[in-house]
Amino acid sequence: MELNHELILKLALSIVIGGAVGMERELRSKSAGFRTIILICLGATLFTVFSKFIGGDGNPDRIASNVVVGIGFLGAGVIFKSDNNRVNGITTAASIWLSAALGMGIGCGYYFASVLGCILVVSVLFLFSFFDRLLERYNQLRTYRITYADNDKEHNKYELLMKQYNLTVKSRAQIKNGNIISGTWIVKGNEKNHHEFINYVLDDSTVSEFGF
């Protein structure tokens with residue numbers, strides 16, 4: 001049977017490792033933060049330890065194997081679709097999944113692998129965010145809502161302008177009510193081109209409403 005001091009070590013280590021991953025999510029104000037990630041890592045550790053006791057020598061992984069299934073429900077709970085048609089929460093869901101894996105590693109006694117895994121996870125979350133922001137500058141997805149008077153009968157006026165500013169239209173929808181046209185476009189392009197298009201529309205006297 002496992003010694004009490006070893007169990008205490010596992011629980012303490014799971015709190016430290018879960019806290020390290022959770023701190024990064026908390027600093028970025030994500031839905032699953034400091035306490036949540038600690039509880040996930042700690043719970044995975046406990047389930048793994050209990051599985052070894054309950055399963056015995058014959059089937060020690062019968063409870064621990066279901067941690068992977070159960071953690072999927074938590075991960076799905078932090079994924080949502082925003083107003084600009086982007087899916088958010090994927091990174092947080094992956095952090096939950098990896099925190100559970102680290103907790104299971106601690107529960108099995110793989111301390112070095114779990115600590116090394118924690119260092120890699122935190123490094124990716126902190127350091128690679130710079131590259132993520134850099135890529136986003138050159139590949140932004142934005143939603144534009146424009147309401148304007150159809151005086152010149154140019155129904156695709158703003159879509160042509162988007163192409164002129166090297167913006168790629170992913171989807172569009174337009175509604176005409178009398179002499180007023182309301183359109184919604186989901187557009188992809190770099191940050192500079194988006195700003196130039198926005199400045200043009202803001203100076204357009206025929207536009208009555210503009211959401212961006």
Side-chain angles (χ1 to χ4, degrees), residues 1-55 59-142 191:
M1 186 166 178
E2 215 170 342
L3 296 175
N4 288 332
H5 72 270
E6 188 176 356
L7 178 59
I8 292 172
L9 173 64
K10 289 181 176 181
L11 297 179
L13 188 59
S14 67
I15 291 174
V16 172
I17 285 179
V21 178
M23 181 65 71
E24 190 276 339
R25 294 287 86 189
E26 189 73 35
L27 290 173
R28 299 186 188 280
S29 301
K30 301 301 180 180
S31 52
F34 185 65
R35 292 179 299 175
T36 304
I37 300 294
I38 288 177
L39 290 174
I40 289 169
C41 190
L42 184 61
T45 299
L46 284 171
F47 275 121
T48 304
V49 171
F50 293 156
S51 183
K52 290 171 66 177
F53 290 150
I54 298 172
N59 194 13
D61 62 344
R62 63 178 182 175
I63 295 178
S65 62
N66 287 297
V67 173
V68 180
V69 178
I71 211 68
F73 290 98
L74 288 175
V78 299
I79 299 174
F80 62 95
K81 192 173 184 180
S82 61
D83 292 336
N84 60 359
N85 210 38
R86 294 188 62 181
V87 178
N88 296 320
I90 297 293
T91 303
T92 301
S95 300
I96 290 174
W97 181 57
L98 281 165
S99 298
L102 295 174
M104 291 180 69
I106 295 168
C108 291
Y110 297 110
Y111 305 125
F112 177 77
S114 298
V115 172
L116 180 61
C118 175
I119 293 172
L120 291 173
V121 170
V122 173
S123 298
V124 168
L125 290 173
F126 271 110
L127 301 180
F128 282 56
S129 61
F130 167 77
F131 297 103
D132 192 33
R133 289 194 298 271
L134 186 64
L135 289 172
E136 187 177 358
R137 287 183 60 186
Y138 293 95
N139 190 34
Q140 281 191 3
L141 193 67
R142 303 188 68 131
E191 188 176 45

Nearest 0.5 Å, what's the [atom1]-[atom2] distance between [X] and [Y]?
X      : Y      : atom1 : atom2 : value
Leu7   : Leu46  : CG    : CG    : 7.5 Å
Leu102 : Cys118 : CG    : SG    : 6.5 Å
Ile38  : Glu26  : CD1   : CD    : 9.5 Å
Leu125 : Lys30  : CG    : NZ    : 10.5 Å
Ile37  : Ser99  : CD1   : OG    : 4.5 Å
Leu11  : Glu6   : CG    : CD    : 11.0 Å

Would you say CZ of Phe126 has more than 12 non-hydrogen atoms from neighbouring residues, nucleotides or ligands within 6.0 angstrom? yes
Enumerate the side chain to side chain donor-acceptor pair (under 3.5 Å) contacts for residues 11-24, please, sequence neighbours excluded, ordered by first and then second residue. Glu24-Arg28
Going by side-chain hydrogen bond (donor to acceptor under 3.5 Å, both in side chains), name the residues that satisfy it together with Thr92, two or more places apart in sequence or in a different chain.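 In terms of side-chain hydrogen bond (donor to acceptor under 3.5 Å, both in side chains), with neighbours along the sequence ignored, Thr92 is linked to Arg25.
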Return the set of residues passing side-chain hydrogen bond (donor to acceptor under 3.5 Å, both in side chains) with Arg35 (not counting sequence neighbours), or none when no residue passes. none
Exam field: side chain Thr48 to backbone Cys108, donor-acceptor pair closer than 3.5 Å: no
Restricting to side chain to side chain contact (heavy atoms under 4.5 Å, CB included), what partner residues turn up for [X], sequence neighbours left out?
X      : result
Glu191 : Arg137, Gln140, His195
Ile71  : Ile40, Leu74, Ile96, Trp97, Ala100
Leu39  : none
Leu9   : Tyr111

I'd like to check Val21 versus Leu98 (side-chain heavy atoms, cut-off strictly below 4.5 Å). Are they in contact? no
Are side-chain heavy atoms of Ile17 and Val121 found at a separation under 4.5 Å?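 No. Closest side-chain heavy atoms not under 4.5 Å.
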